[in-house]
Amino acid sequence: MTTNSESSSNFIKNIIKEDLKNNKNNGRVHTRFPPEPNGYLHIGHAKSICLNFGIAEEFGGLCNLRFDDTNPVKEDVEYIESIKEDVRWLGFDWDKRLFYASDYFDKLYQYAVELIKAEKAYVCDLTLEEIREYRGTLTEPGKESPYRERTIEENLDLFEKMKAGFFADGSRVLRAKIDMASPNLNMRDPVIYRIQRGNHYRTGDRWCIYPMYDFAHPLSDAVEGVTHSICSLEFADHRPLYDWIIETLNIEQPPQQMEFARLNLSSTVMSKRKLRELVDHGYVDGWDDPRLPTISGLRRRGYTPDSIRDFCERIGVAKANSIVNIAMLEHCVREELNYSVQRVMAVLRPLKIVIENYPENKVEMLDAENNPEDPGAGLRKIPFSRVLYVEQGDFREDPPKKFFRLAPGREVRLKHAYIIKCERAVKDEQTGEIKELHCTYDPDTRSGSGETRKVKGTLHWVSAAHAVEAEVRLYDNLFLKENPDEDDDFKASLNKDSLETLTSCMVEPELKDPVPGTRYQFLRHGYFCVDTYSGSDKPVFNRIVSLKDTWAKIQKAQGK
RNA sequence: UGGGGCGUAGCCAAGUGGUAAGGCACCAGGUUUUGGUCCUGGCAUGCGCAGGUUCGAACCCUGCCGCCCCAGCCA
């Protein structure tokens, strides 16, 4: 497998090792992956999933899947199944530990009551705008709410009534009583419960008050026995509040929040908001568009779970914001697919060639190795005949330096077949367009015959009479800019050519009725995956990633 | 201009006082019936900058500079 058996170190693992050494939490390691069911998972989530489940695996602990569903207006069942499917597809198992923050609403309510009784929370009647004003600014302290000193009894009564639906949405909130002068805005009497009518996708209309993240999260962790609560950097400012909740409520075995930098990938966007915009406005064809960094997009594109996990392992975990180059991800799939996937010949832009000295009706079945990296993959038979297709780009009438392919008078080998020589190009008299090539073959050079004559280039090809017509979709970066977020409108650098659809490709008969999801290497092109929606009439292949292309580099260096 | 976090090669990232791991990318060469793979070698006299402590500093101290996050009844 691609994944290194020995994973690299990072600051989170180091802390956990230290905790284990000190027998903190009685040697338990328990993490959780806590998505909000309000969107599809992307590769940034994969990093978190690999981290959380990976740590549990490595240290003999457990990892829960918990839906952080405390906001009824944003969440939907639609996302639950897709998230579960994605986590499973990545290869992780939460066993019986599938949880929902919404399952804790009763407990959470009790904890809130407890806070009130300890005079650590109060019902506040300030409006949203007033709360904002009272909060102060980054440089000035806030003011205490006039409702801050209500009695326990009054607070209990009001909170009860909030729950019972006596008050309008937004008219009152429950706030933690902490410190309006704190330099950390999160500690300036944060709202921990708000009134919000609306149908929660799981609890329906049972509740009209909902806990805020800052209140629900530490307590959900506590309820589940989580020891290490790993989240992204922007929550670092919330840690004092997280700890305050845990301490104030006297939670034993307090979970510990730790923050890491989330993943950014070059030439794409990662925020749910932006991905949603691309989907909703038709810039892409849905959440599983193969150009998207969503898990479902990558899956449809043909990426493997192993390659994504390998990627997450290689990029490491740290606290520095960074943008990982997408070349890293591409490397990971190539590495896996190179030794695991069958080779096949596919001509994407066909150019007809006629082998003049090859008998009219003869067909030879030639041996072709399925995977040179894996002799156990065996051989298959491919038909060779007088009329073939080769790649248009493999012929140049006036070849540049270092061009090792077909040109008038030049010889090349046809992979698994014969050495052929280009005798002449037939052009359209009107347009000058090259219609076909006339070649001759050397009967003594059949592959495997022991012939050792060397030629500079080897081309893939397909027998015209036996070829299967196919559609091939070539994907390129969705954005032209390494960091689309730099622009005022991230869409400014959208790549208009991120999808190129080729509808007249000719592939070998092996690919007649391919099973969706099957991956192949198209010789000299790259790795391709049969599209999820590929029909039987004409197979559709998605390019996962191209092969590395030295010739392209040479051309670039030559200035084309 | 308050608070929190971060600066190690083009991109990631180890390293936590003993003289800069690893990967990607890139460059050069070898092998090759995929211009793929594979193999070999190269790629930071340097760790944001400037001082200081020390026999010795990316690691400790001081002062600067730069970037990110925070004023949702979102998560």
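Below, chains carry the letters A, B, ... as their sequence lines are ordered, and counting in each starts from 1. If you're wondering where the values come from, they're calculated on a predicted model, not measured in any experiment.
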If the condition is ring pair (Phe, Tyr, Trp, His ring centres under 6.0 Å), which residues does A:Y527 pass it with, not counting sequence neighbours?
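Not a single residue meets the ring pair (Phe, Tyr, Trp, His ring centres under 6.0 Å) criterion with A:Y527.
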Quick check: any donor-acceptor pair below 3.5 Å linking the side-chain of [X] to the base of [N]?
| X | N | value |
| --- | --- | --- |
| A:S447 | B:rU33 | yes |
| A:Q521 | B:rU34 | yes |
| A:R524 | B:rU34 | no |
| A:D549 | B:rG35 | no |
| A:R132 | B:rG72 | no |

Side chain of [X], heavy atoms from C-beta onward: which of [options] has the nearest atom to it?
| X | options | result |
| --- | --- | --- |
| A:I131 | B:rA75, B:rC73, B:rC12 | B:rC73 |
| A:K415 | B:rC73, B:rG2, B:rU34 | B:rU34 |
| A:K402 | B:rG35, B:rA75, B:rG72 | B:rG35 |

Using the P atom in both, what is the distance from B:rG5 to B:rG46, to the nearest Å?
31 Å
Taking atom types as modelled and ignoring hydrogens, do the side chains of A:D86 and A:Y40 form a donor-acceptor contact shorter than 3.5 angstrom?
no
By centroid distance (under 5.5 Å) and plane angle (under 30°), are A:W551 and B:rG35 in a stacked arrangement?
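Stacked: centres under 5.5 Å apart, planes under 30°.
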Pair partner, B:rC47 [Watson-Crick or wobble, under 3.5 Å]
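With both distances under 3.5 Å required, B:rC47 matches none.
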A:R32 NZ/CZ over A:F99 ring centroid, <6.0 Å and within 45° of normal:
no
Please find out if less than 6.0 Å separates the ring center of A:Y213 from that of A:H217.
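Centroid distance A:Y213-A:H217: below 6.0 Å, so yes.
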